[in-house]
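Accompanying notes for the structure given below.
Sequence lines set the chain letters: A, B, ... in the order given, protein chains first and strands last, and positions in each chain run from 1.
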Amino acid sequence: MIEKLNKKIRRKAEKLKRDKNFPAYVSGAEYNYLQKVEQSGKIKEAEFVKSLKNKLEVFGKIGTKYNGSSVGYCAETVSANKVLKKFPSKLKSLNVGIAIRPRTLQEGKKCKICKSVF
Amino acid sequence: MVLLYFFFFDDNFNVQENSNSIDLDLFFLDDNKIIHLATAGMSLHNLNLEINPFTYSLNMREVLSYRRIFAYDINNSIERNNLTSLSDYTAFFELMAKRGFYSYDKVNIDDKEDYTFQLITKPKFDCKIIIDSSVELGNLDSSRSIEYNLDFLKSKTVFPEDYSEFDLRNFI
């Protein structure tokens with residue numbers, strides 16, 4: 001399953017590269033049959049799944065910096081939030097995929113927050 | 001017709017606050033050249049840069065409309081351990097060099113507060129005219145030129161023209 005998710009992430013990154021639309025990263029998350037691939041960015045307050053937000057805020061309020069990264073803005077987080085909208089209690093069971101920088105198709109490492117939360 | 005869906009920010013968009021989630025294109029001007037720089041999600045809040053979201057969007061639209069008239073050189077000593085292919089990596093920087101920009105990239109994309117950069121591509125041009133903030137680059141042999149009407153950021157000093165790595169904070 002994770003291979004399929006990673007393939008989707010690569011395809012999305014390639015499309016963004018063609019369109020010259022450059023978020024820092026694209027990543028994805030999956031639970032059961034549901035896979036979501038999203039780009040890094042801000043999640044609207046009303047859209048945030050509480051279990052995920054609580055876990056993230058161990059590192060600081062959403063939008064503040066932890067170890068150089070903005071808490072809650074990673075592509076992994078945005079994707080996971082979409083999956084958790086359907087399965088709010090499954091945070092521990094989520095799989096997250098690779099993170100790709102669309103401009104160059106480089107694969108990025110997970111930040112400390114993502115390593116801890118997912 | 002090719003549609004390009006690059007970022008258009010509205011006036012309320014805070015570029016600094018969102019800098020970790022965007023791979024921004026910044027345009028600088030120094031005494032010798034025009035500069036394109038890709039941020040790869042680098043934190044901007046430590047830097048003394050004023051980026052207007054509206055002019056940022058206009059800059060990108062303007063740049064992509066320029067004709068691609070310049071020959072260019074590519075850095076052939078790029079060392080990254082996370083590439084899918086070198087041509088995928090350099091493609092966008094080549095587009096910038098064809099339009100007359102010295103194009104630089106962030107070296108370590110995994111550390112948002114690392115400010116090490118490196119020149120990836122550079123154009124070959126014969127003449128450059130700067131009048132106020134209006135810039136024109138041209139090829140003397142072909143009489144083709146591009147006039148640049150961008151909202152350039154001003155560099156503190158001349159950006160490196162070789163391929164060695166440097167700390168961006170010393171130049172802006």
Side-chain angles (χ1 to χ4, degrees), chain A residues 6-7 9-27 38-45 56 59-79 81 98-115, chain B residues 2-9 12-14 16-26 36-46 57 60-61 63-65 78 80-96 103 105-115 120:
Chain A
N6 286 341
K7 210 169 169 180
I9 294 166
R10 282 201 187 90
R11 273 209 303 270
K12 169 93 174 177
E14 284 162 6
K15 182 178 187 318
L16 289 167
K17 180 180 172 67
R18 282 197 301 276
D19 293 343
K20 298 178 180 55
N21 182 349
F22 299 134
Y25 283 109
V26 172
S27 188
E38 299 291 335
Q39 59 194 55
S40 45
K42 190 174 185 173
I43 300 170
K44 287 180 185 161
E45 178 68 31
L56 288 165
F59 299 92
K61 278 201 167 301
I62 300 301
T64 58
K65 300 281 174 193
Y66 177 83
N67 199 45
S69 300
S70 296
V71 178
Y73 280 58
C74 290
E76 291 90 335
T77 304
V78 182
S79 309
N81 194 64
I98 53 174
I100 302 277
R101 178 190 183 197
R103 187 193 299 272
T104 57
L105 303 183
Q106 289 167 280
E107 188 174 330
K109 289 181 184 160
K110 302 280 178 230
C111 73
K112 284 193 175 172
I113 305 171
C114 289
K115 274 184 191 164
Chain B
V2 178
L3 289 175
L4 299 171
Y5 298 99
F6 47 85
F7 280 109
F8 278 97
F9 302 136
N12 298 321
F13 187 85
N14 185 325
Q16 265 81 1
E17 184 189 314
N18 289 278
S19 58
N20 286 165
S21 55
I22 317 163
D23 193 354
L24 284 167
D25 299 273
L26 300 180
H36 163 260
L37 196 141
T39 66
M42 175 182 74
S43 292
L44 294 181
H45 66 284
N46 294 330
S57 300
M60 274 314 294
R61 188 164 55 183
V63 167
L64 291 169
S65 74
I78 295 167
R80 307 279 191 274
N81 57 11
N82 53 9
L83 302 186
T84 49
S85 80
L86 189 60
S87 59
D88 279 337
Y89 178 73
T90 59
F92 190 82
F93 303 98
E94 291 177 57
L95 282 184
M96 289 291 119
S103 193
D105 194 26
K106 189 174 183 310
V107 173
N108 179 1
I109 62 169
D110 297 314
D111 183 349
K112 311 269 190 238
E113 296 196 337
D114 183 293
Y115 296 92
I120 306 302

Testing the basics here: between [X] and [Y], what is the closest heavy-atom pair and its distance to 0.1 Å?
{"X": "A:T104", "Y": "B:T84", "value": "O-OG1, 4.4 Å"}
{"X": "A:G68", "Y": "B:S43", "value": "O-OG, 3.5 Å"}
{"X": "B:G41", "Y": "A:A24", "value": "CA-CB, 3.9 Å"}

Keeping the roles fixed (side chain from [X], backbone from [Y]), state whether a donor-acceptor pair exists under 3.5 Å.
{"X": "A:S40", "Y": "B:S21", "value": "yes"}
{"X": "A:R103", "Y": "B:A38", "value": "no"}
{"X": "A:K20", "Y": "B:L64", "value": "no"}
{"X": "B:N82", "Y": "A:Q106", "value": "no"}

Evaluate the side-chain proximity of [Y] to [X]: yes if any heavy-atom separation is below 4.5 Å, no if none is.
{"X": "A:Y25", "Y": "B:D23", "answer": "no"}
{"X": "B:D88", "Y": "A:K17", "answer": "yes"}
{"X": "B:I22", "Y": "A:F22", "answer": "no"}
{"X": "B:K112", "Y": "A:K65", "answer": "no"}

NZ (A:K42) with more than 12 external heavy atoms under 6.0 Å = no
The reported gap from OG in A:S70 to CD in B:E17 (rounded to nearest 0.5 angstrom) is 8.0 Å
Looking at B:D110 and A:R101, does any basic side-chain N land under 4.0 Å from a carboxylate oxygen?
-> no
Which atoms of B:D25 approach chain A - backbone, side chain, both or neither, heavy atom under 4.5 Å = both
